[in-house]
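Labels below follow one simple rule: chain letters A, B, ... track the order of the sequence lines, proteins then strands, and each chain is numbered from 1.
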Amino acid sequence: MELSFTRRVVEILNRIPEGQVTSYGIVAGMAGNPRAARQVVRVLHSSSKKYNLPWHRVISSRGYIAIKDPAGFEEQKALLAAEGVFADEEGKVKIEGFWIGYDD
DNA sequence: CAGCTGACTTGGG
DNA sequence: GCCCAAGCCAGCT
């Protein structure tokens with residue numbers, strides 16, 4: 001059956017391996033619509049805590065942390081660092097490439 | 001029902 | 001490679 005786009009995004013987020021990061025657009029693409037990156041953002045806002053999602057493993061396609069709120073920004077950096085993924089003050093994540101869903 | 005929103009993406013200069 | 005402008009989608013008010 002067809003789950004809503006949002007629901008699928010939740011499923012995908014739960015499958016992102018530790019130490020890996022992906023972009024909003026990629027998640028959107030895996031969920032079925034590459035153009036719905038903004039919708040992915042909504043999911044993180046509405047269901048991140050509710051579903052215990054690894055929202056910190058999702059960054060912008062440029063490889064930067066995209067959070068506006070400074071507190072959340074720092075929090076994401078910390079969470080990523082805990083998994084071995086480091087980012088500098090600019091929020092630029094130092095990683096080779098994005099997770100594209102194969103590992104699972 | 002129409003409009004707004006948002007932690008984005010891509011293309012062009 | 002950096003900055004700016006326009007585009008896009010699904011859920012909410």
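- Interatomic distance, A:S60 OG to A:Y24 OH, rounded to the nearest 0.5 Å: 7.0 Å.
- As rounded to whole Å, 18 Å separates atom P of B:dA7 from atom CG of A:L80.
- Residue contacts shown for A:S23 are limited to sugar-phosphate atoms, with no base heavy atom under 4.0 Å away.
- The separation between A:I65 atom CD1 and B:dG6 atom P is 20 Å, rounded to whole Å.
- Rounding to whole angstrom units, NE2 of residue A:H45 and C1' of C:dA10 are separated by 14 Å.
- Side-chain atoms of A:S60 lie closest to B:dT9 of the nucleotides B:dA7, B:dT9, B:dT5.
- Summary of the strand contacts: A:I26 and A:Q39 both lie near DNA chain B, and taking for each the nucleotide with the nearest heavy atom, the more 5' one is attributed to A:Q39.
- Residue A:I12 contributes atom CD1, which lies 14 Å from atom P of C:dA10 at whole-angstrom precision.
- Among the nucleotides B:dT9, C:dC9, C:dC12, the one closest to the side chain of A:A36 is C:dC9.
- To the nearest angstrom, C1' of B:dG6 lies 13 Å from CZ of A:F5.
- The interatomic distance linking A:L44 (CG) with C:dC9 (C1') rounds to 15 Å, in whole Å.
- Distance from the side chain of A:K68 is smallest to B:dA7 among C:dC9, B:dT9, B:dA7.
- If you find the closest nucleotide of DNA chain C to A:R35 and to A:R62, the one lying nearer the 5' end belongs to A:R62.
- Contact check, A:N33 against C:dA10: a side-chain N or O comes under 4.0 Å of OP1 or OP2.
- At least one donor-acceptor pair under 3.5 Å links the side chain of A:T22 to the backbone N or O of A:W99.
- For the atom pair CD1 (A:I65) and NZ (A:K77), the distance works out to 6.5 Å, reported to the nearest 0.5 Å.
- Whole-Å rounding puts the A:D69 CG to B:dA7 P distance at 9 Å.
- For the pair A:L3 CG and C:dG11 P, the interatomic distance rounds to 11 Å; values are reported in whole Å.
- Within the 4.0 Å cut-off from OP1 or OP2 of C:dA10, not a single side-chain nitrogen or oxygen of A:T6 is found.
- Atom CG of A:D69 has more than 12 heavy atoms from other residues, nucleotides or ligands within 6.0 Å.
- The base of B:dT5 does not come close enough to the side chain of A:R38 for any donor and acceptor atom to sit less than 3.5 Å apart.
- Taking the side chain of A:S61 as heavy atoms from C-beta on, and the options C:dA10, B:dA7, B:dT10, the nearest nucleotide is B:dT10.
- The CG atom of A:L13 sits 12.5 Å away from atom CZ of A:R8, with the distance rounded to the nearest 0.5 Å.
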